[in-house]
Amino acid sequence: MNFDLNFIVFPAGKAFGFLYKMHKDMFFDFFGEDCFAAVTENGKLVEFHLDKGSDTEISGNIYKGRVVNVLEGMQAAFVSFGQEKNGYLYAGDIPVESVAAGCEPPPRLNVRVGEEVMVQVSKSPIGTKGARLSMCLSFVGKNLIYLPSADFCAVSRKIEKEEDRARLTALGQQLLCGDGGFVMRTKARHADLAMLQEEAAYLRGLYQAACEAYNAASVGDIVYRDADVHARLLRDFDLSDVDNIYIGDEETYRRVEEVFRRAGRKGNLVRYVGGREMFDFYQLEEQVYRLISHRVDLENGAYLIFDRTEALTAIDVNTGRYIGVTELEDTVFETNILAAREIARQVRMRNIGGIIVVDFIDMVDPVHRAAVAAELDRCLHEDRAKCNVGSMSELGLIQFTRKKFKSDNVSMLTKKCPHCNGSGVVLSDSYIAFRIQIAVKRCFAEGYESAIVELNAGILAYILTTRRFTPLVHGEWKGKRIYLVPHKTYHEERFTVRGDNDPVLTLPDNAQLLY
């Protein structure tokens, strides 16, 4: 696992004048090589992140590549960089000799076939599309983004107050040493010059290390690996708003604890050691499981339908069983307002990026249409990903965009269904095994010494060949008995787990003792 947190700087605690404070928690854990993270507000899931160790989530990584094709007509090149599909390099993502703030020179495709290049993945491969690459490298810290090929200091557009922008611009000018530029992130508002200088030196060191690794690397080798999801959340979140950080993995806990110790931060780290799986104990697993559903019910009986295509995500708002208490226009308006709030939460939880089109229920009053669009825009401001919301059409359609960095969570949690030739999805083998692990842990937490698991024969083969449960068998499950009973007729997602304390068990002939 990759967990480089040296650059994380914690802002000083802030005083808020609100009478009501949202209770916010974070949860970190691992399942095999899969890295799980969640953020809740008052116990309700608002963000879920999954890095699959064996899959294609490579955004932010830097590789040594080789140009294999140049398409002048498209102003793009294709680069071999050690992945299954070649990456796409647009001319605008190739540095020019001089870049000044506010100046955008025309892109130039100044690479040739066979040339070796240092490229960073700006967008991971999705579906049939290869990764998007850039030669304009960036190294992200808590307060700063270091741009080795730039020579300016810019300020995040999320910082709107002119006095803040002027102060940060002045601080940023003191960081420039002729070897790259910086973008001042939103969190930089709470940093002083010494903190920024320390972070700038660290980011410059990351770039130098990447260059040294590149010089010694072969084509296809990774020369810089971006932080895993746990480190990214600690880096990007304002932790003064977080009440508790629950960690289920011992190594992750030690690393975060050390970072907190160096930063002089105390208190809200919690090492979870319960008998049940942490995501199960805190009632997160069922919320994660509901992310794969096309339907989302609203509290008033209305519901949303999510449909994904390769180009966009469509969301349909339906009144369902809600009939209101006054006239139709008010009923529709109330439903659309609730839908706007839930849509903002769902796209954040599901990590939906790109173009999103919402078909709200038709409203006659233009004031109502404007109010729903404004509510959606307001709720999306809570999202850390950049969103741009358009106005509502007379047909009740709103189009908005959300910056896309990686595959959405539904794609990460599912795979193409083998029974319908890819027209639908079923749960991935890894996720099914995780749900079995939850059920077995729950069984032992209830006091049973043996667990009998009846499951699909293919999932049994997956568990045995990947040895997913080996650490548990040699650790907290030591002395317990787990019997696996395969069924060829079971659907892949179907399984049952029952506990037993009888010293003599009656089991089918094909039952297998786990490991």
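Small disclaimer: the values here were computed from a predicted structure and weren't measured.
- Counting only heavy atoms from C-beta outward, the side chains of Q83 and P125 never approach each other to under 4.5 Å.
- Using bins of under 30°, 30° to 60° and over 60° for the plane-to-plane angle, the ring pair F27/Y282 lands in the tilted bin.
- Centroid-to-centroid, the aromatic rings of F30 and H230 come within less than 6.0 Å.
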**Prompt:** Passes salt bridge (charged side-chain N to carboxylate O under 4.0 Å, His left out), R442 versus E446? Steps please.
**Reply:** CA-CA 6 Å; R442 186 184 299 150; E446 291 171 354; 5.5 Å; no
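- We find that R261 and E257 are not joined by a salt bridge, their nearest charged nitrogen and carboxylate oxygen being 4.0 Å or further apart.
- No option in L376, V317, D362, I398 other than V317 meets the side-chain contact (heavy atoms from CB on, under 4.5 Å) test with N336.
- With a 4.5 Å cut-off on side-chain heavy atoms, I356 and I315 count as touching.
- We find the CG-CZ distance between N456 and R494 to be 10.5 Å, quoted to the nearest 0.5 Å.
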**Message:** Using the rule given for side chain to side chain donor-acceptor pair (under 3.5 Å), can you reason through H368 versus E329, listing the C-alpha separation, both sets of side-chain angles and the distance that settles it, and then say yes or no?
**Reply:** CA-CA 9 Å; H368 284 171; E329 177 75 8; 3.0 Å; yes
**Asked** When you look at Y272 and F281, which way does the ring pair (Phe, Tyr, Trp, His ring centres under 6.0 Å) test go after all the steps?
**Response** CA-CA 10 Å; Y272 176 76; F281 181 79; 5.7 Å; yes
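- A salt bridge does not link R232 to D236: none of the charged nitrogens lies less than 4.0 Å from a carboxylate oxygen.
- Each of E382, E299, E375 was compared with R341 under the salt bridge (Lys or Arg N to Asp or Glu O under 4.0 Å) criterion, and only E375 meets it.
- Ion pairing between E476 and K441 holds under the 4.0 Å rule for side-chain N and carboxylate O.
- Separating the CG atom in D429 from the CD atom in E492 is a distance of 6.0 Å, to the nearest 0.5 Å.
- In this structure, the ring of F306 has its center no less than 6.0 angstrom from the ring center of H294.
- Rounding to the nearest 0.5 Å gives a distance of 8.5 Å between CZ of R185 and OG of S156.
- Using modelled atom types and a 3.5 Å distance limit, the side chains of D383 and H381 yield no donor-acceptor pair.
- Here the CG-CZ distance, from D408 to R350, works out to 9.0 Å after rounding to the nearest 0.5 Å.
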**Asked** Between L239 and F260, does a side chain to side chain contact (heavy atoms under 4.5 Å, CB included) hold up when you go through it step by step?
**Response** CA-CA 11 Å; L239 296 181; F260 273 44; 4.2 Å; yes
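- A heavy-atom distance below 4.5 Å is not found between the side chains of Y90 and L133.
- A donor atom on one side chain and an acceptor atom on the other are not found under 3.5 Å apart for S124 and R132.
- At a threshold of 4.0 Å, the pair D249-R255 does not count as salt-bridged, since none of the basic side-chain nitrogens sits closer than that to a carboxylate oxygen.
- Side chains of V426 and K415 form a contact here, defined as non-hydrogen atoms less than 4.5 Å apart.
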**side chain to side chain donor-acceptor pair (under 3.5 Å) evaluation trace for S391 with R369** = CA-CA 8 Å; S391 58; R369 290 200 294 266; over 6 Å; no
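- Side-chain atoms of E199 come within 3.5 Å of backbone atoms of N143 as a donor-acceptor pair (strictly under, hydrogens ignored).
- The aromatic rings of F444 and W477 lie perpendicular to each other, with more than 60° between the two planes, well past the 30° mark.
- To the nearest 0.5 Å, the span separating CZ on R271 from CZ on R254 amounts to 9.0 Å.
- Using a 30° and 60° split on the angle between ring planes, F279 and F48 fall in the perpendicular class, above 60°.
- S430 and D34 share a side-chain donor-acceptor pair at under 3.5 Å.
- Close placement of the F434 and F36 rings is indicated, their centers lying within 6.0 Å of each other.
- Closest heavy-atom contact between K187 and F237: CE-C, 3.6 Å.
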